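Shown next, in structure tokens, is the structure this report addresses.
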There are 2 protein chains.
Amino acid sequence: MAQAPPMTIGDLAAATNTRVETVRWYEKMKLLPAPERSAGNYRLYGPEHLRRLSFIRRGRDLGFTVDQIRELLAMADDRDRSCAEVDTIARAHLAQVERKLADLTRLAHELRDVIGQCGCGSVADCRIIEALSPHGDPS
Amino acid sequence: MAQAPPMTIGDLAAATNTRVETVRWYEKMKLLPAPERSAGNYRLYGPEHLRRLSFIRRGRDLGFTVDQIRELLAMADDRDRSCAEVDTIARAHLAQVERKLADLTRLAHELRDVIGQCGCGSVADCRIIEALSPHGDPS
DNA sequence: CCTTGACCCTGTAGTTGCTACAGGGTGCAT
DNA sequence: ATGCACCCTGTAGCAACTACAGGGTCAAGG
């Protein structure tokens, strides 16, 4: 069984659908440990880095902040710790997502209302502009 | 009929539920025209500023970007122009909101799934951590 | 052997929409 | 005259990247 050869930063980025600059940024932010370097000073990554970066990316896709991911990683690294903290973070995050969802739903309704009323005449009687303007401009 | 006396930046901010710094920032970003100044170099605002800032704030509440609001303002200022462009911006924005809404809905589902599976034992078999990790780690 | 081109390196500045000072000046009431 | 609340400018910070600039490295083709 041959070991997989180390990956360059470009390989790692491609494998995780990440930009090279972002990988370097995660390293600076200490989400990803600094890897070994080649003779020519290139970063060389192994499968452990791939796993960790995949974790980070998935967390980001799920909308966790970098700080939350840092906490999740610390917990995942400490496998004897209770899972309750992980659950707490996830639940707090879900609550936040649900709040945002409610906001956006309301917003979409308002926008649909506003757009529905527009007869597309001249701006002078555009309902969209009117809806944005302070109520009823009496002059 | 007495004219309303000019408002200070604090008054204007209070009347529109905005922070003073934000008002100054809108001025620098050229959303709000620079007002006259008092002898002591205080900004003095009139009802036109109040109207314009209300418009901006309402647009921001509806999730328009500052750039979009700048365009909407330019159109609103030019009252003979066709309303079709306004409609275009609003529709594009709605489409974007709906995309974000779909993403967040999917995300909330995933988070609920992940949280539901957590029996809260030790991290070693935490389903949340597992769900974030790359599929199935065969070793 | 040399060049070309794709990749890599560091470091810094830009993005969005504000927010938070620091270090001062103004205006009004006591 | 002395507080105190408010105003001024200017700069730096937040999140999470993204986009250079100005260089170095490496493998392949001629």
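Quantities reported herein were computed from a predicted structural model and do not represent experimental measurements. All chains are named by letter (A, B, ...) in the order of the sequence lines, taking the proteins before the strands, and each is independently numbered beginning at 1.
Rounding to the nearest 0.5 Å gives a distance of 11.5 Å between CD of A:Glu48 and CG of A:Leu53. Atom CD of B:Glu110 is separated from atom CG of A:Leu94 by 12.0 Å, given to the nearest 0.5 angstrom. The CG atom of A:Leu107 sits 9.5 Å away from the CG atom of B:Asp61 when rounded to the nearest 0.5 Å. Separation of atoms CZ (B:Arg51) and OG1 (B:Thr16) is listed at 14.0 Å; rounding is to 0.5 Å. Here the CG atom belonging to A:Leu111 is positioned 5.0 Å from the NE2 atom belonging to B:His93, to the nearest 0.5 angstrom. With rounding to the nearest 0.5 Å, the separation of CD1 in A:Ile89 from CD1 in B:Ile115 is 11.0 Å.
Screening residues 4-27 of chain B for salt bridge (charged side-chain N to carboxylate O under 4.0 Å, His left out), with sequence neighbours left out, gives B:Glu27-B:Arg43. Applying the salt bridge (charged side-chain N to carboxylate O under 4.0 Å, His left out) rule to pairs touching residues 30-39 of chain A yields nothing, sequence neighbours excluded.
Close approach of DNA chain C to chain B, defined as any atom under 4.0 Å from a non-hydrogen atom of the protein, starts and stops at C:dG17 to C:dG27.
Taking atom CG of residue A:Asn17 and atom P of nucleotide D:dT18, one finds them 11 Å apart after rounding to whole Å.
Heavy-atom nearest nucleotides on DNA chain C were determined for A:Val20 and for B:Glu21, and the one closer to the 5' end corresponds to A:Val20.
Using modelled atom types, one finds no donor on one side chain facing an acceptor on the other under 3.5 Å when comparing B:Arg60 with B:Tyr26.
Using a cut-off of 4.0 Å between Lys/Arg side-chain N and Asp/Glu carboxylate O, B:Asp77 and B:Arg52 are scored as salt-bridged.
For DNA chain C, the neighbouring residues in residues 33-45 of chain A, judged by any heavy atom under 4.0 Å, are A:Arg37, A:Asn41, A:Tyr42, A:Arg43. Contact check of residues 88-96 of chain B against DNA chain C (heavy atom, cut-off under 4.0 Å) returns no residues at all. Less than 4.0 Å separates DNA chain C from at least one heavy atom of each of the following residues of residues 6-16 of chain A: A:Thr8, A:Ile9, A:Gly10.
Side-chain N/O atoms of A:Arg24 include none lying less than 4.0 angstrom from OP1 or OP2 on D:dC17.
Of all the heavy atoms in A:Pro6 and A:Leu44, the pair that sits closest is CB-CB, 4.0 Å. Nearest approach of A:Leu101 to B:Leu104, heavy atoms of both residues: CD1-CB, 3.4 Å.
In this structure, A:Tyr26 reaches the sugar-phosphate backbone alone: every heavy-atom distance under 4.0 Å involves primed, P, OP1 or OP2 atoms, never a base.
Cluster annotation: A:Ile9 is not connected to A:Tyr42 through the hydrophobic network of ILVMFWY side chains, with a link wherever side-chain heavy atoms come within less than 4.5 Å.
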